Amino acid sequence: MSNINWGQFLNNFANNFNRVAPNNVQNNVQNNQQQTQNFKPDTPYIAQPYLPRTTNQLNQTFAELTLLNQQQNVNMLKDLLQFPKNFEQLLTQLQTNPEMVNQKTALILLASTLDLSKVAELLKNNSKDAMSNLYQMLAQYNQIGMSLKEEQLSELTKLISFVTASSTSDVQSLKTTMLMYLPWLPLTDPNAFKLEIANKNSNDEKYSDDYISILIATKNYGNLQADVYKTDADGIKILLVSSETFPQKEFILSMKEESKKYNININLDMATKEAFNKKKNEKIETQISMNTSPGVNPFLLLISNAVIKSVHLIDTKEDLREERKEKLDNGKN
C-alpha cells in the first residue's frame, strides 16, 4: 500500500466539499465547526449532505445534488491520485524549466512546452497507487464503523479504472487530466470533451505557433469558438466568436480577472455571428472540442481551462434565469 498522508487527504477532502457546497444550512455549518474542533488526523471527514434553505431551492435539489456528488467524487479522485487541487499547480509541477522556479507562474508556463508523455506517466503511476489508497481509506472508515455509499464506491472504482486506461495514450491522458479540473463535465463521457493534437507535418500556418482552438456547444447560446494564442510580447490573445445573444461583456470581465491573477496581458478580440435560436424544450448538452499545436504550451492550457469555465458559468446562469422565468409563467397560468 502507498504511504498516503491521511491527515492531508482528509483535510483536502473537507476543504473540497466545503468549496463546492457553500450553501449548507446553518445547523450543518455549526456541526462542521464542532467536528473541526474535535478533528483528529486519523479520523475520516464525513461530509454533511446539501440541504436546501428555501422552498424555491427544493426544485433544484436533485440537479444540484447530482452535480455536487460528481464534483465531490472527482475531488476525492484527485486526492486518491495525489494530484494538486487546481490545474495551475499541476501544470507548474509538470513544467520543463526547473531553473525558472523563482519566476512567476505565468512566465514559467509561457516559457515551457508540456511533455505529454509526462502527463501519461503521472496518470499511470499515480493511478496504480490510487486503488491502494482507496482500500486504505475504506479500512480507516471501517475502524470507526462508517463506510462509503455503495454507489459512490462503485463510481470511484470506475473513475480510477478509467484514469488507468487513459494513461496508455498521451492525448487521452491530457484530455482526462483537463476533465478532472472541469468536474461538471462527465469524466467518462467520450462526447463531452474532444481533444486533437495537430499533425506535426501540418501545412496550416496557425499551427506553427502556440495555438489552441476551442469549440463549446452551449445550452443557451449555440456554438462559441475561442482561439487562444501566445503573443511575441509574453502575452495571450483570445479571439471569441459567439452569437449576438452571448453576454460578451461578462466574459471580458471574467478574463480580465484571469489577467490580474497572473499579472499578464490578455488581449481580447470579440466577434459575433448569426443569432442562435434554440427550439423550445430542445435538450442540448454542453460539449467541448479542443485543437492544439504539437508543442502544447501549458499556460495556454491554463487559460483555455479558464475560458471553458467562464463560458460554462455564463451558460449556467442563463439556465437558472430560464427556469425562474418558466416557473413565473406557469404560476401566472
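Just so you know, residue 1 is the first one in the sequence shown, and it goes up from there. Predicted model, so just to flag it, every value in this text is computed and none were measured.
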Side chain to side chain contact (heavy atoms under 4.5 Å, CB included) assessment of Tyr229 paired with Asn267: CA-CA 10 Å; Tyr229 301 87; Asn267 294 311; over 6 Å; no
Report yes if some heavy atom in the side chain of Val307 is under 4.5 Å from a heavy atom in the side chain of Phe251; otherwise report no. yes
Backbone N/O of Phe162 and side chain of Ser166: donor-acceptor pair under 3.5 Å: yes
In Å, rounded to the nearest 0.5 Å, how long is the span from OG1 of Thr177 to CG of Leu301? 10.0 Å
Is there a side-chain contact between Asn265 and Lys237, using heavy atoms and a 4.5 Å cut-off? no
When you group the ILVMFWY residues by side-chain heavy-atom contacts below 4.5 Å and let the links chain together, are Tyr135 and Ile160 in the same group? yes
Just by modelled atom types, is the Val296 backbone N or O under 3.5 Å from a matching donor or acceptor in the Thr292 side chain? no
Group every Ile, Leu, Val, Met, Phe, Trp and Tyr by side-chain heavy-atom contacts under 4.5 Å, then state whether Ile303 and Leu195 land in the same group. yes
Nearest-0.5 Å distance that lies between atom CD in Gln225 and atom OG in Ser289: 10.0 Å
Please give me the minimum heavy-atom distance between Phe87 and Met178, naming the atom from each residue. CZ-CG, 3.8 Å
I'd like to know whether Lys128 forms a side chain to side chain contact (heavy atoms under 4.5 Å, CB included) with Thr164, so could you lay out the CA-CA distance, the side-chain angles of the two residues, the decisive distance to 0.1 Å, and finally the verdict. CA-CA 7 Å; Lys128 288 178 182 177; Thr164 302; 6.0 Å; no
Would you call Glu121 and Lys118 a salt bridge, using N to O less than 4.0 angstrom? no
Nearest heavy atoms of Ser310 and Ser254, plus distance in Å: OG-OG, 3.1 Å
Does Glu150 offer a backbone N or O that forms a donor-acceptor pair with the side chain of Ser154 under 3.5 Å? no
Which heavy atom in Ile266 sits nearest to a heavy atom in Met255, and how many Å separate them? CD1-O, 4.0 Å
Heavy-atom check, side chain of Leu90 versus side chain of Leu122, under 4.5 Å: yes
Glu196, CD: over 12 other non-hydrogen atoms inside 6.0 angstrom: no
Evaluate the side chain to side chain contact (heavy atoms under 4.5 Å, CB included) criterion for residues Met131 and Thr157: first the C-alpha distance (whole Å), next the side-chain angles of each, then the deciding distance (0.1 Å), finally the verdict. CA-CA 7 Å; Met131 196 61 78; Thr157 303; 4.0 Å; yes
Please confirm whether the ring centroid of Tyr262 lies under 6.0 Å from the ring centroid of Phe299. yes
Is there a donor-acceptor contact under 3.5 Å from the side chain of Thr176 to the main chain of Ser173? no
Quick check for you: to the nearest 0.5 Å, what is the distance between Leu153 atom CG and Leu134 atom CG? 6.0 Å
Would you mind telling me which of Asn297, Leu109, Val119 makes a side-chain contact (heavy atoms from CB on, under 4.5 Å) with Leu114? Val119
Residue pair Leu300 / Lys230: nearest heavy atoms and the distance that separates them: CD2-N, 4.0 Å
Starting at CG of Asn223, measure out to CZ of Phe246 and round the result to the nearest 0.5 Å. 12.5 Å
For Ser242 and Lys273, what are the C-alpha separation, side-chain angles and deciding distance, and is it a side chain to side chain contact (heavy atoms under 4.5 Å, CB included)? CA-CA 6 Å; Ser242 71; Lys273 60 181 180 181; 5.8 Å; no
For Thr105 and Thr92, work out which heavy atoms get closest and say how close. CG2-OG1, 3.7 Å
Do the side chain of Lys175 and the main chain of Phe193 share a donor and acceptor less than 3.5 angstrom apart? yes
Let me see the working for Ser213 and Asp227 under side chain to side chain donor-acceptor pair (under 3.5 Å), right down to the final yes or no. CA-CA 4 Å; Ser213 181; Asp227 292 337; 2.9 Å; yes
Linked, directly or transitively: Val241 and Ile308 (ILVMFWY side chains, under 4.5 Å): no
Salt bridge or not for Glu250 and Lys317, using N-O below 4.0 Å? yes
Backbone of Tyr221 reached by a side-chain donor or acceptor of Ser243 within 3.5 Å: yes
Please answer whether the main-chain N or O of Lys85 pairs with a side-chain N or O of Lys78 as donor and acceptor at a distance below 3.5 Å. yes
Would you say the side chain of Gln248 lies within less than 4.5 Å of the side chain of Leu268, judging by non-hydrogen atoms? no
Spell out, as yes or no, whether a donor-acceptor pair under 3.5 Å connects the side chain of Thr218 to the backbone of Gly222. yes
Interatomic spacing from CD1 in Ile197 to CE in Met290 - rounded to 0.5 Å: 7.5 Å
Ile214 and Leu224, any side-chain heavy atoms less than 4.5 Å apart: no
Can you hop from Leu215 to Leu240 via hydrophobic side chains spaced under 4.5 Å? no
Between CD1 on residue Ile288 and NE2 on residue His312, distance to nearest 0.5 Å: 8.5 Å
Using modelled atom types and a 3.5 Å cut-off, is there a donor and acceptor pairing between side-chain atoms of Asn126 and backbone atoms of Leu81? yes
Strictly distance-based, threshold 3.5 Å: is any side-chain N or O of Asp315 a donor or acceptor partner for the main-chain N or O of Asn220? yes
From Asn305, Thr286, Leu187, residue fulfilling side-chain contact (heavy atoms from CB on, under 4.5 Å) relative to Leu182: Asn305
Heavy-atom closest contact (Pro298 atom, Ser112 atom, distance): CD-O, 3.3 Å
Cluster question for you: counting only ILVMFWY and a side-chain heavy-atom cut-off of under 4.5 Å, with indirect links fine, are Ile216 and Leu239 together? no
